[in-house]
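Just so it is clear, the values below take in all heavy atoms, side chains as well, and ignore hydrogens, waters and symmetry mates. Residue numbers begin at 1 in each chain, while the letters A, B, ... track the order of the sequences. From a predicted model like this one, the values you see are computed outputs, not experimental measurements.
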Amino acid sequence: MANNEDAFKKVVSHAKEYGFIFPSSEIYDGLGAVYDYGQLGTELKNNIKSYWWKSMVQYHENIVGIDSAIFMHPKIWKASGHVDAFNDPLIDNKDSKKRYRADVLIEDHIAKIEEKIEKEVEKARKRFGDAFDRDQFVHTNARVLEHQAKIDDITRRYSQCMNDNDLAGLRQLILDLEIVCPISGTRNWTEVRQFNLMFATQMGSVSEGSDTIYLRPETAQGIFVNFLNVQKSGRMKIPFGIAQIGKAFRNEIVARQFIFRMREFEQMEMQFFVRPGEELKWFEYWKAERLKWHLALGIPAENYRYHDHEKLAHYANAATDIEFRFPFGFKELEGIHSRTDFDLSRHSEFSGKKLQYFDSELGENYTPYVIETSIGVDRTFLAVFSHALKDETLEDGTTRTLLSLPPVLAPYKAAILPLVKKDGLPEKARAIFDSLKHDFMLQYDEKDAIGRRYRRQDAIGTPFCITVDNDTLDNDTVTVRERDTMQQERVAIDQLDSYLHRRIKPITID
RNA sequence: GCGAUAGUAGCUCAGUUGGCAGAGCGGCGGCUUCCCAAGCCGCAGGUCGCGGGUUCGAACCCCGUCUAUCGCUCCA
């Protein structure tokens, strides 16, 4: 474990030292769980997004991409369930240091009383045998009625507090009910605090009379509310998908683990609309398809695994995660969810617009079912980056720091290096640089000995080093050195373009 | 939010009776060098996280605060 922690620290410091990721607002002591992408990090991140976008939008005729606004009508978050579902009142027990949801504590308490009623009912059933009338019993038995009255009273106070957002009232209810912490057994509770998942801001230049607007907590809703626009304007036929890459914001209770869980993050989502009844078939299809996408990067399969959800969200009828072996253990990288027709139905209900599709083959209208694939850009970055970073001991006993990024994702595809800084080699190298720079992100470097320059490129993940020597001047060939193997081969300058293109392509997985 | 630990150069860290703020690596300029962190010369870079207090004097002691890491709940 100590080893993994060290490895993780190395990831964080390497990311900073070479310009991949900086803590946000660092000169002002930083801002919690917010990070900036530096000059190389931005390249890597853009390459991840582009790799995803191509594999989704460019390689699938029936998937198109959109870019919806971060600001959306507030009712969208009512419809999606985010306003209600992610407004948790939390309370801590000061003795056990355990945190609970205040509403759950109260609901559990109610459940306990309900159990007592059930016990009374069971006892009575045994006593009366076949003649037992449950309905009559629960409406007449004194003890049951007493319990039921308690439940009704609690429920009344509870729902009033929840509706009025009365946090002090919730706490008082917990105290009045003498609810104790299951761990410490004490009633030493903190105040109830509200944790709202969504960031709120105002739309309108003056605060009074302006509406509260939320920064979107997921990009998916921007796709659902544009379902009809895209389907009609793009003449899309089911099954089809809508993809989107964009920022999302969540006010996490605990934001941790570097860029793994940030308050501002970026998602790559695709919502695939299918015929009702065919959703599980497509769920299986995308589950397999998405894993292939990861494997095509060349990271060994043992670093990935599926994690099927036992407990499903209210809108889903199947869900799985693709987990990755991060330095701190297997964690979710991507989610694939069968979201049923929940979102489109809810938006139909809340907007009053009929979000349906006329299937000409079936000759009928229906609300499509949805398969969602949702992957975190920043998590993919962290997965790829942390897996790529290694300290290698070479045969001669020296070590090198190597960032073996998949070539398709590497910030620089090649470095152009004159072997020495004289004899016209820099000029020749510059000419090669200029001839390739329109097709590839390149770095030119003539400072220091060649070995040192190779190691510098290793540390930032440049897959190829193109070295110009005296022979280059005679026969127009260069040495190409491959990062991971350190093998060199001689390549003609006019072949460089196709050489690089061929080797930078991701692997095809069937 | 609670607890534990930490914060000194870009990175890793040293720095005790409290007395001039340092090293290694890295970076930059130059010399040398025809292939894997070679060598030589020179240079830059720090309000010791921040704010108070104690003291003749604080990186060091005290208080507060911020940030990060690890544990407890939610999630991409």
Does one side chain, of [X] or [Y], offer a donor that lies under 3.5 Å from an acceptor on the other?
X: A/Thr472; Y: A/Asp469; value: yes
X: A/Gln221; Y: A/His82; value: no
X: A/Glu218; Y: A/Gln267; value: no

Euclidean distance, atom [atom1] of residue [X] to atom [atom2] of [N] [Å, nearest integer]:
X: A/Phe328; N: B/G71; atom1: CZ; atom2: C1'; result: 15 Å
X: A/Asp469; N: B/U33; atom1: CG; atom2: P; result: 16 Å
X: A/Arg339; N: B/A76; atom1: CZ; atom2: C1'; result: 12 Å
X: A/Phe258; N: B/C70; atom1: CZ; atom2: P; result: 12 Å
X: A/Ile460; N: B/A37; atom1: CD1; atom2: C1'; result: 15 Å
X: A/Ile21; N: B/C11; atom1: CD1; atom2: P; result: 14 Å
X: A/Glu26; N: B/G46; atom1: CD; atom2: C1'; result: 14 Å
X: A/Met198; N: B/A76; atom1: CE; atom2: P; result: 14 Å

For A/Asp423 and for A/Ser374, find the nucleotide of RNA chain B with the closest heavy atom, then tell me which residue's nucleotide is more 5'.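 This one resolves to A/Asp423.
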Name the residue closer to the 5' end of RNA chain B, choosing between A/Leu419 and A/Ser13 according to the nucleotide with the nearest heavy atom.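 First, find each residue's nearest nucleotide; the 5'-ward one identifies A/Ser13.
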Output one letter per nucleotide in nucleotides 25-30 of chain B: B when a protein non-hydrogen atom lies under 4.0 Å from the base, S when only the sugar-phosphate is that close, - when neither is. -SSSBS
When we call it a touch if two heavy atoms are under 4.0 Å apart, what does A/Leu333 touch: a base, just sugar-phosphate, or nothing?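 Sugar-phosphate only.
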Residue among A/Phe326, A/Phe324, A/Phe265 satisfying ring pair (Phe, Tyr, Trp, His ring centres under 6.0 Å) with A/Phe260: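 So the option named by the test is A/Phe326.
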Distance between [atom1] atoms of [N] and [M] (Å, rounded):
N: B/A23; M: B/G18; atom1: C1'; value: 23 Å
N: B/A58; M: B/G19; atom1: C1'; value: 10 Å
N: B/G24; M: B/U33; atom1: P; value: 27 Å
N: B/U5; M: B/A9; atom1: P; value: 23 Å
N: B/C60; M: B/G7; atom1: P; value: 12 Å
N: B/G49; M: B/G15; atom1: P; value: 15 Å

List in chain and number order the residues that pass side-chain contact (heavy atoms from CB on, under 4.5 Å) with A/Phe330, two or more places apart in sequence or in another chain; answer none if no residue qualifies.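 With neighbours one apart ignored, the set is A/Arg305, A/Glu323, A/Arg325.
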List for me each residue that meets side-chain contact (heavy atoms from CB on, under 4.5 Å) alongside A/Thr340, sequence neighbours excluded, and say none if there are none.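 So A/Thr340 forms a side-chain contact (heavy atoms from CB on, under 4.5 Å) with A/Asn317, A/Phe342, A/Tyr369.
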Side-chain N or O of A/Lys422 less than 4.0 angstrom from OP1 or OP2 on B/U33?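 Yes, such a contact exists.
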Quick one: is A/Lys16 getting a side-chain N or O under 4.0 Å of the B/C11 phosphate, OP1 or OP2?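 Answer yes for this pair, as a side-chain N or O of A/Lys16 is under 4.0 Å from OP1 or OP2.
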Under a 3.5 Å cut-off on both pairing distances, which runs of 3 or more consecutive Watson-Crick or G-U pairs involve RNA chain B?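 If one scans RNA chain B for consecutive Watson-Crick or G-U pairs, the stems found are B:1-7 with B:66-72, B:10-13 with B:22-25, B:27-31 with B:39-43, B:49-53 with B:61-65.
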Qualifying residues under salt bridge (Lys or Arg N to Asp or Glu O under 4.0 Å), relative to [X], sequence neighbours excluded:
X: A/Arg503; result: A/Glu489
X: A/Asp391; result: A/Lys10
X: A/Lys49; result: A/Glu266

Confirm from the modelled atom types if [X] and [N] form a donor-acceptor pair under 3.5 Å, side chain to base only.
X: A/Arg261; N: B/C75; answer: yes
X: A/Arg250; N: B/A76; answer: yes
X: A/Arg481; N: B/C36; answer: yes

Could you tabulate the donor-acceptor pairs under 3.5 Å formed by side-chain atoms of residues 32-43 of chain A, not counting sequence neighbours?
| unit_1 | atom_1 | unit_2 | atom_2 | d |
| --- | --- | --- | --- | --- |
| A/Tyr37 | OH | A/Asp378 | OD1 | 2.6 |
| A/Thr42 | OG1 | A/Tyr37 | O | 3.4 |
| A/Thr42 | OG1 | A/Gly38 | O | 2.6 |

What nucleotide among B/C70, B/U33, B/A76 has an atom nearest to a side-chain atom of A/Ala449?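 Side chain of A/Ala449 sits closest to B/U33.
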If the condition is side chain to side chain donor-acceptor pair (under 3.5 Å), which residues does A/Thr485 pass it with, not counting sequence neighbours?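 Per chain and number, A/Thr485 pairs via side chain to side chain donor-acceptor pair (under 3.5 Å) with A/Glu482.
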Among residues at least two apart in sequence or on other chains, which ones pass side chain to side chain donor-acceptor pair (under 3.5 Å) with A/Arg339?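 A/Asp343, A/Glu372.
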Per-pair stack call A/Tyr454 and B/A37, 5.5 Å, 30°: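 Ring-base stacking flag not set for A/Tyr454 and B/A37.
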Heavy atoms within less than 4.0 Å of RNA chain B: which residues of residues 487-497 of chain A have one? Give them sorted by number.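 When residues 487-497 of chain A is checked for heavy atoms under 4.0 Å from RNA chain B, the hits, listed by number, are A/Gln488.
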By the salt bridge (Lys or Arg N to Asp or Glu O under 4.0 Å) test, which pairs, at least two apart or in different chains, include something from residues 13-23 of chain A?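 Checked against salt bridge (Lys or Arg N to Asp or Glu O under 4.0 Å) - neighbours excluded - the pairs reaching residues 13-23 of chain A are A/Lys16-A/Glu26.
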